[in-house]
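Input: one structure, supplied below.
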Amino acid sequence: MTEQRQSATLTVRNATLADVPEILALQDRAYPNLPPDLPGMIRGQIQAFPEGQFLVEYEGDVVGWCATFIISEALAMSPHTWAEITGNGYAARHDEDGEWLYGMEVAVDPTRRRLRIGQRLYNARKQLCQAWGLKGVVFGGRLPGYRRRRKAYPTPEEYLAAIEAREVKDSVSNFQMRMGFEPVGVLKNYYPEDTDSLGHASLMVWRNPKFVEMPSAGRRPDPQTVRVAAVQFMARAVESAREFERNVEYFVDVCSDYRADFCVFPEMFTVALLSLEKRRLSPQESIAALSRHTPRFLEFMSQLAVRYNINIVGGSHPTETDDGEIQNVAYVFLRDGSVHAQEKIHPTPNERFWWNIKGGDFVHAIPTDCGPIGVLICYDSEFPELARRLADEGARILFVPYATDDRTGHLRVRYCAQARAIENQFYVVTAGNVGNLPDVENMDVNYAQSAILTPCDFPFARDGIAAETSENVETIAVADLRLDDLAEARRSGTVRNLRDRRFDLYRIVWNDGPGAGRN
């Protein structure tokens, strides 16, 4: 019997969020002397422009990766650094109306030779460029041989000229020129961490031979509209957990009847379950008792999302961690059955004192069938750094479940939510509690006026409010949010907060590690 050998498979495909850990591991192998990207950077790149992020898989292993985005000719061809042009590594300056495809990173597994991985990635970029009708591909190419030859060539311009004249060989530049790219200049201090290149790079260009001038608006698919519903939920005593669940299901049913994509509940709306307790509890006893409902709550809400075919932002619910601490957690129940969690990063002084709630450790955009979203619980919306990170990771809608006991507290959340919508040019949906629970310590009264907020510019509602509820009544607010309006505002609005950031002056550095960029 003849033995049949199965040939090895090599594929090039678009990267997904599930690939992030393997991409980071590949970066470590490819560039052991450079700082790795943050996971949020890779997520931001994928969510900003999923068509432009490519993986090469060989026998099931990730052996190649490249990241791209679209940029205007003016920015691409003018002097810039890697941090400036890429929005500090998040592809935050991706511009669908741009004329050029910008290559922000390439990584190839050094243990996998003779597979032409780099060639496949550069070809994928060219094919994408032609599919989108762009002028060409441009990027800052490393000059890894420059440090060794600096005495002979004191300036990077002289070194690059020597490469073009074939006086010296530079592994990266020579490969890129073989791929059809031509150097058109030097980018000084492009990536300071690249010590082999002394921080400099060559501006490499490939011009699309099939380019035909056409309106950029013809490149994208039809406008995308997302319908959201904010539930202004009334706190009320219940006789059983099932009664509370019936109250919640009623609103999910209503939102589903409205064909909403998202149904949003307020912060700590599960507090009504404390009315089941036989005696009056202290604040810390109350929050511990409420956390014991977590398993049933998660199962029930996930079933609702699937059954009613709607994504549910489940307000927030106190949850006991593995080490015995209590955190305030927003759970997002998607209609595909998956469940995501977002911890509250900043407990209020009251939460810390009365309930001993601890702050969480991460904030990330959550992928959904309507695109990436963000969730910030109440007080977290008053810290602009968190919302900016979610915007950089691709979030276009921010959900803010909140609980406030008077108008001043409500207005702090409301004004900050409106500010987050303006400065990040995305939508913000707030949902608050109303009603009261007389026998529950530190959660006795509520004040809310839930709203669906927009940036303040011509495509949106005049006052930046797509919808809002009446104060302190149980109801819902519903609005259709056009994601193409956001894209238009970010591209050519009266103000362009995301694009106009001074990346040359400032950036936010998170403590989960330094960022990097390589090509």
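Positions are given from 1, in the same order as the sequence printed here.
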Check your understanding: Which salt bridge (charged side-chain N to carboxylate O under 4.0 Å, His left out) pairs, counting each pair once, include a residue from residues 143-153, with sequence neighbours left out?
Key ->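 Matches after skipping sequence neighbours: Arg147-Asp196.
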Check your understanding: Using 4.0 Å as the upper bound for N to carboxylate O, is an ion pair formed by Lys358 and Glu325?
Key -> no
**Study point:** Shortest non-hydrogen contact from Ala67 toward Gln53
**Key:** CA-OE1, 3.0 Å
Exercise for review: Could you grab the distance from atom CG of Leu10 to atom CD1 of Ile117, nearest 0.5 Å is fine?
Suggested key: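 Going from the CG atom of Leu10 to the CD1 atom of Ile117 covers 6.5 Å.
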Practice item. Measure the shortest side-chain to side-chain distance between Glu193 and Asn33 over non-hydrogen atoms and say whether it is less than 4.5 angstrom. Key: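 Not in contact.
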Exercise for review: Compare every heavy atom of Val137 with every heavy atom of Cys129, then report the nearest pair and how far apart it is.
Suggested key: CB-CG2, 3.9 Å
**Study point:** Under 3.5 Å: donor-acceptor pair, side chain of Ser78, backbone of Ala74
**Key:** yes
Check your understanding: Is the closest side-chain heavy-atom distance between Val138 and Phe181 below 4.5 Å?
Key -> no
Practice item. Verify, without hydrogens or angle tests, whether Asp261 (side chain) and Val226 (backbone) share a donor-acceptor contact under 3.5 angstrom. Key: no
Review point. Do Asp170 and Tyr159 have side-chain atoms, one donor and one acceptor, less than 3.5 Å apart?
Key: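 Tyr159 and Asp170 do have a side-chain donor-acceptor pair below 3.5 Å.
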Review point. Okay, side chain of Arg420, backbone of Ser381: is any donor-acceptor separation there less than 3.5 Å?
Key: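 A pair under 3.5 Å: yes.
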Review point. Looking at Arg388 and Glu423, does any basic side-chain N land under 4.0 Å from a carboxylate oxygen?
Key: no
Check your understanding: Do Leu187 and Ser202 have side-chain heavy atoms sitting under 4.5 Å apart?
Key ->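 Counting from C-beta outward, Leu187 and Ser202 never come under 4.5 Å.
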Practice item. Could you check if a side-chain atom of Val108 sits within less than 4.5 angstrom of a side-chain atom of Val63, using non-hydrogen atoms only? Key: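 Sidechains of Val63 and Val108: no contact.
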Point to revise | Near-ring test Tyr308/Phe333, centroid separation under 6.0 angstrom | key: no
Exercise for review: Using a cut-off of 6.0 Å, state whether more than 12 heavy atoms not belonging to Asp323 lie near its atom CG.
Suggested key: yes
Review point. Does Glu385 come within less than 4.0 Å of Arg389, counting only side-chain N to carboxylate O?
Key: no
Point to revise | Arg93 side chain near Ser72 side chain, heavy-atom distance below 4.5 Å | key: no
Practice item. Report the distance from atom OG1 of Thr319 to atom NE2 of His317, rounding to the nearest 0.5 Å. Key: 5.0 Å
Check your understanding: In terms of heavy-atom contacts, does CZ of Arg116 have more than 12 from other residues, nucleotides or ligands at under 6.0 Å?
Key ->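 Open.
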Check your understanding: Checking side chain to side chain contact (heavy atoms under 4.5 Å, CB included) for the pair Val184/Met204: CA distance, chi angles, key distance, verdict?
Key -> CA-CA 6 Å; Val184 297; Met204 287 286 188; over 6 Å; no
**Study point:** Nearest atoms (heavy-atom pairs only) where Met177 meets Pro183
**Key:** SD-CD, 3.8 Å
Point to revise | Heavy-atom closest contact (Ala48 atom, Ala91 atom, distance) | key: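 For Ala48 and Ala91, the tightest heavy-atom pair comes out as CB-O, 3.9 Å.
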Practice item. Would you check if there is a donor-acceptor pair between the side chains of Asp480 and Thr225 at a distance under 3.5 Å? Key: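 No, no side-chain donor-acceptor pair sits under 3.5 Å.
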Point to revise | Ionic contact status for Arg490 with Asp95, cut-off 4.0 Å | key: no
Check your understanding: So do Val429 and Val400 actually touch side chain to side chain, heavy atoms under 4.5 Å?
Key -> no
Exercise for review: Using the side chain to side chain contact (heavy atoms under 4.5 Å, CB included) rule, take Trp206 and Lys126 through it: C-alpha gap first, then chi angles, then the decisive distance, then the call.
Suggested key: CA-CA 8 Å; Trp206 174 81; Lys126 292 177 183 178; 3.8 Å; yes
**Study point:** Close side-chain approach of Arg112 and Tyr58, heavy atoms under 4.5 Å
**Key:** yes
Point to revise | Charged N-O contact under 4.0 Å between Asp19 and Arg43 | key: no
Practice item. List the steps and the verdict of side chain to side chain contact (heavy atoms under 4.5 Å, CB included) for Arg482 and Gln224. Key: CA-CA 6 Å; Arg482 290 173 57 95; Gln224 187 179 2; over 6 Å; no
Practice item. Work out which heavy atom in Pro154 is nearest to a heavy atom in Tyr146; give both atom names and the distance. Key: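 Shortest heavy-atom contact: O-OH, 2.8 Å.
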Practice item. State whether the number of non-hydrogen atoms from other residues, nucleotides or ligands found under 6.0 Å of Phe362 atom CZ is greater than 12. Key: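 For Phe362, atom CZ is crowded (more than 12 foreign heavy atoms under 6.0 Å).
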Check your understanding: Roughly how far apart are His94 NE2 and Thr68 OG1, rounded to 0.5 Å?
Key ->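 One finds 8.5 Å between NE2 of His94 and OG1 of Thr68.
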Review point. Hey, would you say the Phe383 and His346 ring centroids sit under 6.0 Å apart?
Key: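 That pair passes the under 6.0 Å test.
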Review point. Say you draw a straight line from CG of Asp336 to OG1 of Thr368; how long is it, rounded to the nearest 0.5 Å?
Key: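 Output value for this atom pair is 9.5 Å.
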Practice item. Could you note down all residue pairs passing salt bridge (charged side-chain N to carboxylate O under 4.0 Å, His left out) where residues 171-188 supplies at least one of them, sequence neighbours left out? Key: Glu157-Lys188, Glu182-Arg207
Point to revise | Pair Asp97-Arg491, salt bridge (charged side-chain N to carboxylate O under 4.0 Å, His left out): steps then yes or no | key: CA-CA 7 Å; Asp97 274 350; Arg491 282 195 302 266; 2.7 Å; yes
Exercise for review: Look at the rings of Phe399 and Phe262 and say which category their plane angle falls in: under 30° parallel, 30 to 60° tilted, over 60° perpendicular.
Suggested key: tilted
Exercise for review: State, to 0.1 Å, how close Trp65 and Ala15 come at their nearest heavy-atom pair, and which atoms those are.
Suggested key: CZ3-CB, 3.7 Å
Check your understanding: Are there more than 12 heavy atoms of other residues, nucleotides or ligands under 6.0 Å from atom OH of Tyr415?
Key -> no
Practice item. Salt-bridge test for Asp109 and Arg29: reply yes if a basic N is under 4.0 Å from a carboxylate O, no otherwise. Key: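 Looking at Asp109 and Arg29, the cut-off is met.
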Review point. Could you give the distance from CD1 (Ile71) to CG (Leu134), rounded to the nearest 0.5 Å?
Key: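 If I round to the nearest 0.5 Å, the distance is 11.5 Å.
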Check your understanding: Would you call Leu24 and Asp28 a side-chain contact if the rule is heavy atoms closer than 4.5 Å?
Key ->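 Leu24 does not reach Asp28 side chain to side chain.
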Check your understanding: In Å and rounded to the nearest 0.5 Å, what is the CG to CD distance from Asn14 to Glu51?
Key ->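 Reported value, rounded in 0.5 Å steps: 7.0 Å.
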Review point. Does the side chain of Asn497 come under 3.5 Å of the side chain of Asn424 through a donor N or O and an acceptor N or O?
Key: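 Checked: Asn497/Asn424 side chains show no N/O donor-acceptor pair below 3.5 Å.
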**Study point:** Partner of Phe69 by ring pair (Phe, Tyr, Trp, His ring centres under 6.0 Å), out of Tyr102, Trp132, Phe49
**Key:** Tyr102
**Study point:** Donor-acceptor pair between Glu267 and Asn328 side chains, under 3.5 angstrom
**Key:** yes
Exercise for review: Could you tell me whether a side-chain N or O of Thr81 sits under 3.5 Å from a main-chain N or O of Glu84, the two making a donor and an acceptor?
Suggested key: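 The answer is yes, because a donor-acceptor pair under 3.5 Å joins these two groups.
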Review point. Any side-chain donor-acceptor pair under 3.5 Å between Asp37 and Gln27?
Key: yes
**Study point:** Main-chain N/O of Thr86 paired to Tyr90 side chain as donor or acceptor, under 3.5 Å
**Key:** no
Check your understanding: Do the side chain of Gln127 and the main chain of Ala124 share a donor and acceptor less than 3.5 angstrom apart?
Key ->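 Here the side-chain-to-backbone pair does not exist.
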Review point. Would a distance-only check, ignoring hydrogens and angles, find a side-chain to backbone donor-acceptor pair under 3.5 Å from Arg142 to His200?
Key: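 Not at all, since once roles are kept as given, no pair shorter than 3.5 Å links the two residues.
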Check your understanding: Short question: side chain of Glu393, backbone of Ala365 - any donor-acceptor pair under 3.5 Å?
Key -> yes
Review point. What do the steps show when you test Met301 against Phe265 for side chain to side chain contact (heavy atoms under 4.5 Å, CB included), and what is the final call?
Key: CA-CA 11 Å; Met301 296 296 285; Phe265 286 93; 4.3 Å; yes
Point to revise | Any donor-acceptor N or O pair under 3.5 Å, side chains Tyr190, Ser197 | key: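 The criterion, which ignores hydrogens and geometry beyond distance, is not satisfied for Ser197 and Tyr190.
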Review point. Can you tell me if Ser173 and Gln176 form a side-chain donor-acceptor pair at under 3.5 Å?
Key: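 No, Gln176 and Ser173 have no side-chain donor paired with an acceptor closer than 3.5 Å.
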